[in-house]
Amino acid sequence: MTISIPPDHGRSWWLREALALEEFAGSPAPALEGDTDADVVILGGGYTGLWTAWFLKQLDPGVDVVLLEQDICGGGPSGRNGGFMNSYWDDLTHLCAWFGDGAAQALCEAGEASVRAIGAFCDQQGFDAWFRGDGLYTAATATSQVGEWADSVITMDRLGRSDQLTVLSTSEIRAKIDSPVFHGGTFTPFGATIHPARLVRGLRNAVLAAGVRVYEGTPVSRFGAGGAGGAPAPALAQTPGGRVRAGAGVIAINAWAQHWKRFHRTITVRGSFIVMTAPAPQLLEAIGWSDGAGLSDYRAALHYVRTTPDGRIAFGIGGMQPDLARTIDPRFAYDAGGIRVAIEDLHRMFPTFAGVPVEAGWGGPIDVAGMHLPFFGTLEQGAVHYGLGYTGNGVAPAHMGGQILAHRALGRYSPLLELPLVDLEPKRFPPEPIRSPGMLVANNAILRRDRALDEEQEPNPFTDFVAKLPRRLGYNLGP
Ligand SMILES: Cc1cc2nc3c(=O)[nH]c(=O)nc-3n(C[C@H](O)[C@H](O)[C@H](O)COP(=O)(O)OP(=O)(O)OC[C@H]3O[C@@H](n4cnc5c(N)ncnc54)[C@H](O)[C@@H]3O)c2cc1C
């Protein structure tokens, strides 16, 4: 069957849907023209920057906050993602090993609180972001994935949290969502799905209404502690139209931090792509998927799949890398090759959708951290704070991150500052010229290995060896 690849619409399906509604389009924000002073300057208009702005105003309504975004707020991954909201229960085994049981559980509970708080925020603000707290299913989509959940089951059991994970037989998971490639799986009740762009645009409106000065179309060429072009300031942002001097600064630029020397070795960038089908509610009903539950699998380059209220499937694939990925170029936003793979894999998982048109395809960059965990901290000079490294799990954690960064920027205490992600020293990637080619080779091997296992074949031993190298080298990446 010939696959028809949707054209590049520039923005994600989510963001186009949201911007078509006055409620989420909001009024345009100007670009910065001229110099200005503020108490806090935030770089980045995604969830992290916007939640930080929101919590700054919650902590102190009088604080003067400037937020700078090169595109429009939500133009980056915050308006392009799958809308899965996870806490950290999935990672509990690793978290216990790294941080100890108490700190690991505190992190999972804080993550879970953020999932609930985001749903409550949408209600309080009176906008419908399609929040559905119906939990998340994770399926084994090849026999090699069966039992991948064993460590989690043992850890949850040991900590008395077996309520967080139910193991499902093949017939049980297929009774919930029917796919011929499912071989059992798990259900976790704590996850939720949301319309990512309605969330980020609704949050933008709330931040504007709270009095934050938002400048869009404003790329920042220099950011940090500074004294250039006037009196010294603890935080200074330089843009084409002027500069902002502030008492504190927050860096919330996700994968773009890769371009900054300070962060270059703390993240590596991957692409993730999503395709959106036309509505087919009768086909969804036929496979039993009637609620807002999310679905993913146990591949290393995982698939994440969810539905919309009008009966579409949004099907995503992670772990894609167009080339050496040294810069974030337009292929992260749209790559016909990545979109084709997503469509093929959608048809493999749900063959009855093979005749349903795919109306949109898009992608975005992922800030992959070595431990698969974000890290929040403060630069050496003391007034500039940062949060990044979400590794494809940032929708809910950015809410937690915004609270951490707001408290840091105002010098206030919060129990969240005691979470192990705060001042976490990220595992560093090797320097160039080793890092980019090394990650490309390993990533290609991971994809080839997943593909062989999808087809129930043994992966080539060399491919298998290379795919497992990142983990052997101590990174929480790959099989
Ligand atoms: C395709 C895809 C699917 C995903 N699916 C999920 C999912 O289902 N669940 C989940 O939890 N996570 C998912 N993620 C990850 C999630 O989207 C991110 O972790 C989250 O949006 C991070 O928010 P952020 O505010 O830190 O970054 P962003 O949303 O990327 O915001 C950073 C902003 O900084 C701006 N910026 C960068 N440099 C500059 C500069 N020099 N000057 C001015 N502005 C600048 C960018 O334009 C951008 O808008 C997905 C990501 C992608 C790409």
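Note: hydrogens, waters and symmetry copies are ignored here, and every other heavy atom, side chains too, is used. Start at 1 and go down the list; that is how both ligands and their atoms are numbered.
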Exercise for the section: Specify whether Phe55 and His399 have parallel, tilted or perpendicular ring planes, treating 30° as the upper limit for parallel and 60° as the lower limit for perpendicular. Expected result: perpendicular
Handout entry: Ser12, Pro219, Gly44: member with heavy atom nearest to atom 34 (O) of ligand 1
Key = Gly44
Handout entry: atom 29 (O) of ligand 1 - nearest protein heavy atom and its distance
Key = Ser78 OG, 2.5 Å
Problem - Numbered atoms and elements of ligand 1 in range of Gly364, under 4.0 angstrom, heavy atoms - result: 53 (C)
Exercise for the section: May I ask you to check whether over 12 heavy atoms, not counting those of Glu380, lie within 6.0 Å of atom CD? Expected result: yes
Exercise for the section: Looking only at protein heavy atoms, identify the closest one to atom 24 (P) of ligand 1 and say how far it is in Å. Expected result: Thr48 OG1, 3.4 Å
Exercise for the section: Would you tell me which option among Thr52, Leu68, Val220, Asn254 has the nearest heavy-atom contact to atom 27 (O) of ligand 1? Expected result: Asn254
Handout entry: Candidate with minimal heavy-atom separation from atom 50 (C) of ligand 1, of Asn81, Leu67, Thr239
Key = Asn81
Practice task
Would you tell me whether Asp91 and His372 have side-chain atoms, one donor and one acceptor, within less than 3.5 Å of each other?
Solution key: no
Fill in the blank from the handout: re atom 8 (O) of ligand 1, the protein heavy-atom contact at minimum distance is Phe84 N, 3.0 Å
Problem - Pick from Glu216, Gln70, Met85, His259: the one approaching atom 40 (C) of ligand 1 most closely through a non-hydrogen atom - result: Gln70
Exercise for the section: With heavy atoms only and a cut-off of under 4.0 Å, state how Leu43 meets ligand 1: side chain, backbone, both or neither. Expected result: side chain
Problem - Polar contact flag, side-chain donor to acceptor under 3.5 angstrom, Gln321-Arg270 - result: yes
Exercise for the section: With heavy atoms under 4.0 Å as the rule, classify the contact between Pro365 and ligand 1 as side chain, backbone, both or neither. Expected result: backbone
Problem - 4.0 Å heavy-atom contact, Ile366 with ligand 1 - result: yes
Handout entry: Pair Asp454 + Arg451: basic N to acidic O under 4.0 Å
Key = yes
Practice task
With atom 1 (C) of ligand 1 as the reference point, say which of Ser272, Gly402, Gly76, Ser221 has the nearest heavy atom.
Solution key: Ser272
Fill in the blank from the handout: Min over Ala257, Gly82, Gly46 of heavy-atom distance to atom 5 (N) of ligand 1 lands on Gly82
Problem - Residue that, paired with His195, satisfies ring-ring contact (aromatic ring centres under 6.0 Å, His included) out of Phe84, Trp130, Phe24, Phe127 - result: Trp130
